[in-house]
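Step one of this worksheet: look at the structure below.
Remember, it's 1-based here, ligands and their atoms both numbered in the order they're listed. All values reported here derive from a predicted model rather than from experimental measurement. All residue numbers refer to positions in the sequence shown, counting from 1.
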Amino acid sequence: MSATASSTLERGVFIDGVALPIEPDTSAITNPGTGELVGRVTNAGDEIVDAAVRSAAQAGQAWSRHGYADRGKIVHACAEAFEAHVDELVPLLVAEQGKTIREAQIELHKAAETLEHYAGLAKQVRAVYVDALAPGVEGRVLRRPLGVVAAIVPWNFPTTLLCNKLGPALLCGNTVVAKPADTTPFTTLRLAEILTEAGLPPGVFNVVPGAGSVAGEALVTHPLVRKVAFTGSTPTGERVGALAAKGSKRVTLELGGSDPMIICADADLTRAASAASMGRFYNCGQACLATKRLYVLEPVADEVIEAVVAKAARLRVGIGSEPGSQIGPLHSERQRQTLERQVSESVAGGGEVLAGGGRPDDPALAKGWFYSPTVVLEPPDDSPMAREEVFGPALPIWRVKDLDEAIARANDSPFGLGSAVWTGDLETAERVAAELDCGYTWINSPTKVYDELPFGGLKASGYGKEHGSEALDYYTDTKSVVVKRTL
Ligand code: NAD
């Protein structure tokens, strides 16, 4: 399946191992960089979602009875097949999401790697045994799958955010119904075919594209869904959490963020400035974990600001499918409008634009949702760039007088997802890591997520963990069993 200007796609939902034909109720998917039609896809409604959940529930009866090692073998085969199809999937992801070829390659390899990571844990899962609860009495703590998992995913990283859920869910014996974002269904639908061809039994992984308010809510409220694994914005996550509470469902919420980075006077400033630039502008700034607020200690502020501004100005903005593009378009008109409001209000409040600050003037980019890499110096503390999540290529920078001020301002945010500190001093680094209220701190390191480490936010950034062996706890339930020996 590939999307070119001359051949647009037509896709239905994926249920019970079968890619169904397109239905009359469809959405058009357009390329964010060119405005061209990529294809049309079925909008799943209540009946389709019900069929997908029932298929998953049925498939779960056999899937949950496999041993971990057997499921691990199948997930491993899925990861290998995914990896073998990366080159095929890249143009599809670029076309529907807008990101650059390089970013699509990185995303897809990473998503396959995450599946492989969970396949690799298959022989390490342990339950607990408690000896001598009383004379002749022992206890066991069993780990059981939850059942049908609803995996609801946004459009910024359609495949990695899916595989963060799919890997642990499948390994633990759950089955999955995924709802991709309504604007990025195609890569996920093709992936479902690839994984099924690789040996995933029918019904174990189903895909229902459609609107969040229809397909998403039908899934969250379906009585057979036992866990909702949601990644998306904070307002939607809070609504999903409230809906899921009705059926006492398990929920993990991976929500928005506004990650601070602190650069100290003794830092390697070249590497720190690169990390800030990469952390802010990667994926056109549309990442949950991203450098969204930069605090620099006074003595080195000018040097850092100059380096970050130079990097922003050098980035080549372009259509994702053009090989030279380093930063693609925003994903939608709405995203660009929101970013434009956030920057203009922050500048009106007193922030100074040091780079970018508007749309690029290249006529070749006029049909896409482009925005130039932007740096704004010291917008007010109550401005949108300080308080809201900025989901686009615009970085605010503030000078701070000392580490106390840096930590206090970094923590003064509704969000608590990631953070970073650059310093040459171990004690400073450890203090920052201990005191920042969030789920991840990178010390002198670019913002890279490791499958080995648990990841999840605090405050308005949600709750629950993905990645790490900890993720398995969010896809299993424990059950206590007491055994009284008769002897
Ligand atoms: P969104 O909340 O609008 O949509 C996310 C998903 O939820 C989509 O599939 C959407 O269709 C669905 N949805 C929308 N309304 C729904 C409803 N009422 N019921 C059920 N599902 C519904 O988010 P977005 O704007 O598409 O994505 C960007 C957001 O995602 C940003 O805030 C970003 O920070 C966040 N994000 C968080 C993480 C993380 O791991 N913390 C990772 C990536 C993105």
| said: For Leu161, which part has a heavy atom under 4.0 Å from ligand 1: side chain, backbone, both, or neither? | reply: side chain
| So, does Gly237 sit close enough to ligand 1 that a heavy atom of it is under 4.0 Å from the ligand? | no
| field | Which residue and heavy atom of the protein sit nearest atom 12 (C) of ligand 1, plus the separation | value | Ile152 CG2, 3.7 Å
| message | What I want to know is whether Glu389 and ligand 1 share at least one N or O pair that is separated by under 3.5 angstrom. | response | yes
| note | On a heavy-atom basis, the closest approach of Ala287 and Ala290 is O-CB, 3.6 Å
| At what distance is the nearest protein heavy atom to atom 27 (O) of ligand 1, and which residue and atom is it? | Pro154 CB, 3.2 Å
| Nearest neighbour in protein (non-hydrogen) for atom 35 (C) of ligand 1 | Gly232 O, 3.1 Å
| said: Please report whether ligand 1 has a polar contact with Asn156, defined as an N or O pair separated by less than 3.5 Å (distance criterion only). | reply: no
| query | Can you tell me the protein heavy atom closest to atom 1 (P) of ligand 1 and the distance? | reply | Ser233 OG, 3.6 Å
| remark: atom 28 (C) of ligand 1 sits nearest the protein heavy atom Phe391 CE2, 3.7 Å
| remark: re atom 5 (C) of ligand 1, the protein heavy-atom contact at minimum distance is Thr231 O, 3.7 Å
| message | When you compare ligand 1 with Ser213, is there at least one nitrogen or oxygen pair between them that comes in under 3.5 angstrom? | response | no
| note | of all protein heavy atoms, closest to atom 41 (N) of ligand 1 is Leu255 O, 2.7 Å
| Nearest non-hydrogen protein atom, atom 17 (C) of ligand 1 | Gly212 O, 3.3 Å
| message | Whether the Arg316 and Ser325 side chains hold a donor-acceptor pair (N or O, under 3.5 Å, no angle test) is what I'd like checked. | response | no
| query | Which one of Phe157, Phe230, Trp155 has a non-hydrogen atom at the shortest distance from atom 26 (O) of ligand 1? | reply | Trp155
| field | Whether over 12 other heavy atoms sit under 6.0 Å from Arg341 CZ | value | yes
| said: Check contact between Gly457 and ligand 1, using heavy atoms of the residue and a distance below 4.0 angstrom. | reply: no
| said: Considering Asp182, Thr160, Val228, Thr236 one by one, which has a heavy atom nearer to atom 3 (O) of ligand 1 than any of the others? | reply: Thr236
| said: Within the supplied structure, the quantity of interest is the number of heavy atoms (other residues, nucleotides, ligands) at a distance under 6.0 Å from Glu452 CD; does it exceed 12? | reply: yes
| message | Please work out, at 4.0 Å between heavy atoms, whether the side chain, the backbone, both, or neither of Ser461 comes within that distance of ligand 1. | response | neither
